[in-house]
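Worksheet: one structure, shown below.
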Amino acid sequence: MFLIFLRSLVFNVLFYAVLVCLIIVALPTFALPPRTTLTVAKWWANVTLVLMRVVCNIKVEFRGVEKIPQGPLVVIAKHQSFWETFVLPGFFHHPIFILKRQLMQIPVFGQFLVKTGMIAIDRNAGVKALLDMTRRAREAVRAGRQLVIFPEGTRRAPGAPPDYKTGFAQIYSSCGVQCLPIALNSGLFWPRRTFMRYPGTLVVEFLDPLPPGLPKDQFLTRAQAAIEGATGPLVEAGRKEQEQLIGRAPSYASSGR
């Protein structure tokens with residue numbers, strides 16, 4: 001475990017050093033179209049994937065990429081780690097996220113989020129926040145963007161009971177486009193609330209798109225069943241691999257919130 005600790009330390013130093021360098025590189029993009037800023041963000045994701053493989057022995061596998069529809073889209077992804085928030089956008093032409101308002105207040109980084117049109121939500125604003133979020137999401141999708149949502153609202157540890165909110169179904173109904181579910185097991189390798197990075201094969205699986213126009217109850221049921229049904233086997237396979245690599249899966253990987 002000491003070697004994993006050392007690798008994690010080296011990785012995090014390099015990860016944040018690259019982030020700072022790319023933020024400096026991206027400063028001129030404030031005067032350029034938003035997609036230029038998104039391109040720099042993709043560079044950050046690609047460099048991070050290399051660092052994960054070389055420093056931490058974390059391989060990343062993307063399955064079902066051919067299932068990603070073209071054009072406007074609602075994307076709903078399992079959320080276990082910070083990792084997917086900056087890697088998943090690279091698979092979409094003009095992505096937009098719904099994220100917590102506090103991220104917009106981070107100096108410089110928050111300004112980049114504003115420039116790229118990300119949708120901030122005040123989680124304490126109740127119905128008013130949901131209505132505003134739905135309106136902005138609908139406008140973005142109708143403008144041809146791909147809206148990425150984490151339907152559980154926050155990160156959940158691998159194996160924790162699912163906690164899907166109902167707001168994402170309202171957004172799906174309002175947007176009137178296909179919905180792409182995504183399963184993953186990132187929390188086993190890039191866990192919440194720790195700088196440790198554990199070796200193994202991180203898998204992202206793009207699932208069969210759900211058609212537009214489903215009744216909300218049916219959509220909720222199908223969306224959760226698709227994501228959870230695919231996530232479970234990915235987590236189980238990841239744990240078995242970790243047991244072979246390091247003798248056991250980290251104990252907190254299966255904990256709750």
Side-chain angles (χ1 to χ4, degrees), residues 60-64 67-68 73-89 91 95 97-100 119 121 123-124 126-127 129-130 133-134 137 146-175 178-194 198 200-212 214-242 249-257:
V60 181
E61 180 181 339
F62 298 100
R63 300 176 183 172
K67 297 180 181 179
I68 301 176
L73 183 67
V74 172
V75 180
I76 53 171
K78 189 69 177 175
H79 193 18
Q80 296 180 350
S81 169
F82 172 61
W83 179 86
E84 52 264 17
T85 64
F86 64 89
V87 173
L88 290 183
F91 287 89
F97 271 85
I98 294 176
L99 43 80
K100 59 184 180 181
I119 301 174
I121 180 173
R123 293 176 177 172
N124 297 319
V127 175
L130 177 59
M133 176 181 65
T134 301
Q146 297 79 41
L147 177 70
V148 182
I149 304 172
F150 298 117
E152 292 175 282
T154 189
R155 293 171 296 172
R156 303 281 292 173
D163 184 24
Y164 286 69
K165 314 303 180 185
T166 58
F168 79 100
Q170 175 62 38
I171 294 173
Y172 156 82
S173 297
S174 178
C175 290
Q178 293 184 84
C179 178
L180 178 70
I182 301 177
L184 46 76
N185 63 359
S186 58
L188 294 173
F189 312 97
W190 189 309
R192 312 170 306 158
R193 303 168 189 162
T194 177
Y198 293 96
T201 304
L202 191 162
V203 179
V204 176
E205 185 172 355
F206 299 92
L207 307 173
D208 293 328
L210 298 174
L214 293 174
K216 289 182 186 178
D217 289 346
Q218 183 180 348
F219 170 72
L220 281 166
T221 299
R222 289 182 60 177
Q224 180 170 335
I227 294 176
E228 295 302 315
T231 295
L234 296 182
V235 169
E236 184 63 25
R239 284 188 177 134
K240 289 181 179 178
E241 183 183 16
Q242 285 185 328
S251 57
Y252 54 80
S254 60
S255 63
R257 294 177 63 91

Please step through side-chain contact (heavy atoms from CB on, under 4.5 Å) for the pair Q242 and L188, ending with a clear verdict.
CA-CA 9 Å; Q242 285 185 328; L188 294 173; 3.9 Å; yes
Is any side-chain heavy atom of P181 closer than 4.5 Å to one of L210?
yes
Residues pairing under side chain to side chain donor-acceptor pair (under 3.5 Å) where one sits in residues 215-225, two or more places apart or in two chains, turn out to be Q170-K216
Do you know the tightest heavy-atom contact between V74 and I149?
CG1-CD1, 4.1 Å
The reported gap from CG in L234 to CD in E205 (rounded to nearest 0.5 angstrom) is 5.5 Å
CZ-CG distance between F91 and L180, expressed to the nearest 0.5 angstrom:
11.0 Å
With salt bridge (Lys or Arg N to Asp or Glu O under 4.0 Å) as the rule and sequence neighbours excluded, what pairs involving residues 178-188 come up?
none
Between atom CZ of F97 and atom CD1 of I119, what is the distance when rounded to the nearest 0.5 Å?
11.5 Å
Aromatic ring proximity, centroids under 6.0 angstrom, F150 and F168
no
Distance, nearest 0.5 Å, that separates CG of L73 from CG of L147
9.0 Å
All heavy atoms of A183 vs all of I227, minimum pair found to be CB-O, 3.8 Å
Specify the closest pair of heavy atoms between A226 and L207, including all atoms of both residues, with the distance to one decimal.
O-CD1, 3.4 Å
Atom CD1 of I171 and atom SG of C179: how far apart are they, to the nearest 0.5 Å?
10.5 Å
Give the C-alpha distance, both sets of side-chain angles, the deciding distance and a yes or no for side-chain contact (heavy atoms from CB on, under 4.5 Å) between R63 and V203.
CA-CA 7 Å; R63 300 176 183 172; V203 179; 3.5 Å; yes
Between Y172 and F219, what is the ring plane arrangement, given parallel below 30°, perpendicular above 60°, and tilted in between?
parallel
Are I98 and M133 close enough that some pair of their side-chain heavy atoms sits under 4.5 Å apart?
yes
List the atom pairs, donor and acceptor, that lie under 3.5 Å between side-chain atoms in residues 75-86 and the rest of the protein, sequence neighbours left out.
from: K78; atom 1: NZ; to: E152; atom 2: OE1; distance (Å): 2.9
from: K78; atom 1: NZ; to: E152; atom 2: OE2; distance (Å): 3.3
from: K78; atom 1: NZ; to: E228; atom 2: OE2; distance (Å): 2.7
from: H79; atom 1: ND1; to: S81; atom 2: O; distance (Å): 3.3
from: H79; atom 1: ND1; to: E84; atom 2: OE2; distance (Å): 2.9
from: Q80; atom 1: OE1; to: S186; atom 2: N; distance (Å): 3.2
from: Q80; atom 1: OE1; to: G187; atom 2: N; distance (Å): 2.9
from: S81; atom 1: OG; to: W83; atom 2: N; distance (Å): 3.0
from: S81; atom 1: OG; to: W190; atom 2: O; distance (Å): 2.8
from: E84; atom 1: OE1; to: S186; atom 2: OG; distance (Å): 2.6
from: E84; atom 1: OE2; to: Q80; atom 2: N; distance (Å): 2.7
from: E84; atom 1: OE2; to: S81; atom 2: N; distance (Å): 2.8
from: T85; atom 1: OG1; to: F82; atom 2: O; distance (Å): 2.6

Heavy atoms, side chains only, cut-off 4.5 Å: are D163 and T154 in contact?
no
Once rounded to the nearest 0.5 Å, what's the spacing between atom OG1 of T231 and atom CZ of R156?
12.5 Å
Would you call R239 and E241 a salt bridge, using N to O less than 4.0 angstrom?
no
Aromatic contact between Y198 and F189, with the criterion being ring centroids under 6.0 Å apart: yes or no?
no
